[in-house]
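See structure below.
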Amino acid sequence: MNNKRLSLAEEAHLLDAQLATRRLFLKQCSMGLGALAFSPLINACTSDANGSSNTLFDPTKPLLPKTPHLPGKAKSVIYLHMAGAPSQLELFDYKPELKKLDGQLCPESLLKGKKFAFIRGVPKMLGTIGEFKQRGQSGAWVSHYMPHLAGVADELSFLKAVHTDQFNHAPAQLLMQTGSARLGRPSLGSWVTYGLGSENANLPGFVVLTSGGQNPDAGKSVWGSGFLPSVYQGVHCRSHGEPVLYLDNPANVDGNMRKASIDAINQANKETYKEFNDPETLSRISQYEMAFRMQISAPDVMNISDEPAYIHEMYGTEPGKESFANNVLLARKLVEKGVRFVQLFDWGWDVHGNSTDTSLEIGLVNKCKQIDKAITALILDLKQRGLLEETLIVWGSEFGRTPMHRILSCRW
Amino acid sequence: MNQGDYEVSSVELHRNWGIALAIGSALLIVLYRFPPKIPHIHLLGQGALSILVLVTGHLGGNLTHGEDFLTLDKPKKEPKQIVLNQDALVYADIIAPIFEEKCVACHGKTKQKGKLKLDQIENVLKGGKNGFYHGSEEGKMALMSHRMRLPLSDKQHMPPKGKTQLTEKEIVIIEKWLSLGASPKLLLKDLQLTEEVVSASMEEKNMAKTADWPLVPDLAAVSETMLTPLRDRGMVVLPLASGHPLLQVNCQSISDFSDKDGELFKGLEKNIASIRLSGTKISDKSLKWISGLPNLSKLYLDNTLITDEGIALLKNTTELRYLNLVGTSITEKGLRTLSSLPLLKSVYLYQSEVKIEDMAEIQQRMPKVYFDLGGYKIDTLTMEVRTEEK
């Protein structure tokens, strides 16, 4: 720009001339037109076909139920994960040929180019130990390990197409639950509650229950929310004592006082949000509010001792103890109340040892005993309540067993 | 000059107009450089050039998209239904129309991609540049059959990805006809199609009966504002899917939901496909407004105070498929009144007053309905525990 002083009229004339130049048009409008073209793309993410807002994440109501893209059949999921990898070859995957090959050396074609845990050199084949029969009208093969479940074989469908490249429990569990063998991805339940919300606003949308004495090898990441807002991570309920800690009012604090203090905390959080605009703050506010609502609804839902005796008999539950059967009954109660995703982890399925507890002949039988009747009861109980039609029950694990002995004096 | 897959005359026409356009452009430049003293000569020149561009461009379009590309989409052609008269000529009556509709735009008179023409039966039998058969002569499989069956993602799949695909029924008929020698004299009955293919069109008609939800092509989706009063009352109200006119409503968590709340559904009657009233305080009175929901497909009345009298009102909800009566005082009297519901599939009666000895007769009246009385008991089975054999 030159330094010559311009008169007001000249300045106005220059400005007007600048506004009329092609250069200015291109300079200004390249961004303007780009933004114009981009705006429907942004809208495409936030509105459905009707143009009505269908934002996936509303931080103030993160669990608001959302419309699916296609009409769905299932409304809830109960996912039963047997941590430690039960042997499919003993339970559902009938391989008569393998039984014939029992004790023979493993053919090279099976080993070539693959990596196995605990296997070096050429191992011997290990035939199935289960005694298989075709069950129900579908003729599905189920072994003697699951006598009760075999009775409801027609309610089951078997997916025998899953493959994993992870042979250590923790990464394999992560792969199964989050789609990646490394940390940092949201789990199945997180995705489901993020995408569909949950129908009961007074309970968490994604509840996790554990049994078997330990958490799964991969730790809490298997129900973590990864890069999704933390409100979508699974709420891990304790198996005995209070299901969710600190829900009860502390001594000398009544409901009103608790409500007042939560309101005060939320007010402070709202101020913080105004200042920093971090959506995590909003998640925190909504979690406080949900915690308050859960005070009323959770103790009732999480208490299985009110169930009639024949239901306890059916599931084989022992109220007060940590057991898979108790968790299965809880899962039914939660699903009945409209919780979207309930996930159960049962630890102790790593049965490839020689000791009593970890052998295919005894350890596996004991584990099956703990779940067989309870799962059968879950299926029949949901069925008689008219809820099996809209509840997806998934039973699975991180992997199964290889068809050979492992070399190291022990089994596979 | 290699005319490729296109009809020579069309290509030449396009070329000639293109040359004219080039010359015209050059002339216009000259006109600008040395303007003669004729008024408006520039405008005239530009006008002439525009016409040249339009015509040349259109001819180019004819080449790549087929001669009728301008009018193709406007009066949307009704897809032709295959008439399954057993004495129909397979080629003339069934296959030729399919080719006409889905193939000749690229394999016709004007354009012969892969040198294949499907406009006349002689040309069909001649095949394209790779001939009629696929691979060795032994298998004698027509190349066309092979290409139709390739996965859609395969580059050689025909019709190509993005174009109107053949239906399974059409593929089966063409395949069968080709494998029997592709004679123009073959009649439909000669193909000996399985009952399945022949009845496929019947099945489409029966779709309405087997669908999970009522088919409502004329029903408009509800605006969000219409749903606000319901949501403010605490109901979960969602369309079955994005943009779907039918709604599913869940009133389960409203502890004081009662008969008078039925008024909230005024104006939405046709849209409600599923309503969950489990454990609410409704009584037989509510069945009045519920029976006025013409598209109601799923109804949850479990753990409510309804009785046989209320259930009797349901006889007009002809779309009803699912009925949950768990924990109610319904008896077999109420069940009998359900026999007028044509689509009813499942009724849940656990903890109701229905007695198992009455079920045989009711099941006979409604053989297609699944009744579940519940009360399952699981006998504890023992599993033989074997000790280590080795």
Side-chain angles (χ1 to χ4, degrees), chain A residues 48-54 64-73 75 129 131 144-148 150-152 196-203 297 310 313-316 336-338 354 356 359 361-362 365-366 368-369 372-374 376-377 379-381 383-390, chain B residues 211-213 220-225 227 231 234 236-244 246-248 250 252-253 273-274 276 278-279 298 300 302-303 321-327 345-351 370 372-390:
Chain A
D48 60 20
N50 295 331
S52 62
S53 167
N54 193 13
L64 202 70
K66 286 147 207 150
T67 312
H69 296 106
L70 299 166
K73 223 168 186 181
K75 289 206 142 184
I129 293 168
E131 279 159 26
H144 77 288
Y145 279 85
M146 296 277 195
H148 297 101
V152 291
L196 295 174
S198 185
E199 297 214 350
N200 190 328
N202 302 328
L203 289 169
S297 51
Y310 65 88
E313 165 64 30
M314 191 174 171
Y315 282 83
E336 215 175 7
K337 291 281 180 224
N354 277 351
T356 321
S359 69
E361 288 87 351
I362 298 166
V365 168
N366 287 336
C368 287
K369 268 187 176 172
D372 174 39
K373 199 174 171 210
T376 313
I379 292 172
L380 291 176
D381 200 13
K383 194 178 172 188
Q384 70 184 355
R385 283 162 210 272
L387 297 174
L388 192 61
E389 291 187 20
E390 51 184 49
Chain B
D212 285 340
W213 300 102
V222 186
S223 73
E224 292 283 308
T225 47
L227 305 178
R231 287 184 177 148
V236 175
V237 189
L238 285 176
L240 292 184
S242 241
H244 203 291
L246 293 177
L247 302 171
Q248 38 191 341
N250 186 349
Q252 193 184 12
S253 50
S274 162
R276 184 172 208 140
S278 315
K298 278 185 130 188
Y300 301 76
D302 45 311
N303 300 306
R321 290 156 170 82
Y322 171 103
L323 182 58
N324 196 329
L325 299 170
V326 170
K345 258 199 295 204
S346 41
V347 180
Y348 293 92
L349 298 162
Y350 173 55
Q351 288 175 332
Y370 169 75
D372 195 323
L373 255 64
Y376 298 110
K377 286 207 173 67
I378 307 173
D379 298 324
T380 307
L381 301 172
T382 44
M383 182 180 359
E384 140 201 27
V385 180
R386 293 179 300 179
T387 46
E388 202 107 2
E389 282 157 12
K390 285 151 204 168

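Lettering follows sequence order; numbering is per chain, from 1.
- A:Glu390 and B:Lys298 make their closest contact through OE1-NZ, 3.1 Å (heavy atoms, listed as atom of the first residue, atom of the second, distance).
- The two residues A:Pro68 and B:Pro239 make their nearest non-hydrogen contact at CD-O, 4.3 Å.
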Audit row: B:Lys377, A:Glu313, salt bridge (Lys or Arg N to Asp or Glu O under 4.0 Å) steps and yes/no = CA-CA 8 Å; B:Lys377 286 207 173 67; A:Glu313 165 64 30; over 6 Å; no
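- Separating the NE2 atom in B:His244 from the NE2 atom in A:His69 is a distance of 14.5 Å, to the nearest 0.5 Å.
- Between A:Glu199 and B:Arg276 there is no salt bridge, since no side-chain nitrogen of the basic residue lies less than 4.0 Å from a carboxylate oxygen of the acidic one.
- In this structure, no portion of A:Tyr315 lies under 4.5 Å from any heavy atom of chain B.
- Legend: residues meeting side chain to side chain contact (heavy atoms under 4.5 Å, CB included) with A:Asn200, ordered by chain and number and at least two apart, are A:Asn202, A:Leu203, A:Lys337.
- For B:Asn324, the part lying near chain A is the side chain, with the backbone staying farther off; criterion is any non-hydrogen pair under 4.5 Å.
- Of the listed residues (A:Asp372, A:Asp381, A:Thr376), just one forms a side-chain contact (heavy atoms from CB on, under 4.5 Å) with B:Ile378, and that residue is A:Thr376.
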Under the side chain to side chain donor-acceptor pair (under 3.5 Å) criterion, do A:Glu389 and B:Tyr348 qualify, and how do the steps go?
-> CA-CA 11 Å; A:Glu389 291 187 20; B:Tyr348 293 92; 2.7 Å; yes
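- When side chains are defined from C-beta on, B:Tyr376 counts as touching A:Lys383, because their heavy atoms get closer than 4.5 Å.
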Using the side chain to side chain donor-acceptor pair (under 3.5 Å) rule, take A:Gln384 and B:Asp372 through it: C-alpha gap first, then chi angles, then the decisive distance, then the call.
-> CA-CA 6 Å; A:Gln384 70 184 355; B:Asp372 195 323; over 6 Å; no
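- Partners of B:Ser223 under the side chain to side chain contact (heavy atoms under 4.5 Å, CB included) rule, at least two apart in sequence or in another chain, are B:Thr225, B:Met226.
- Taking every heavy atom of both residues into account, B:Asp212 and A:Lys73 meet most closely at OD2-CE, 3.6 Å.
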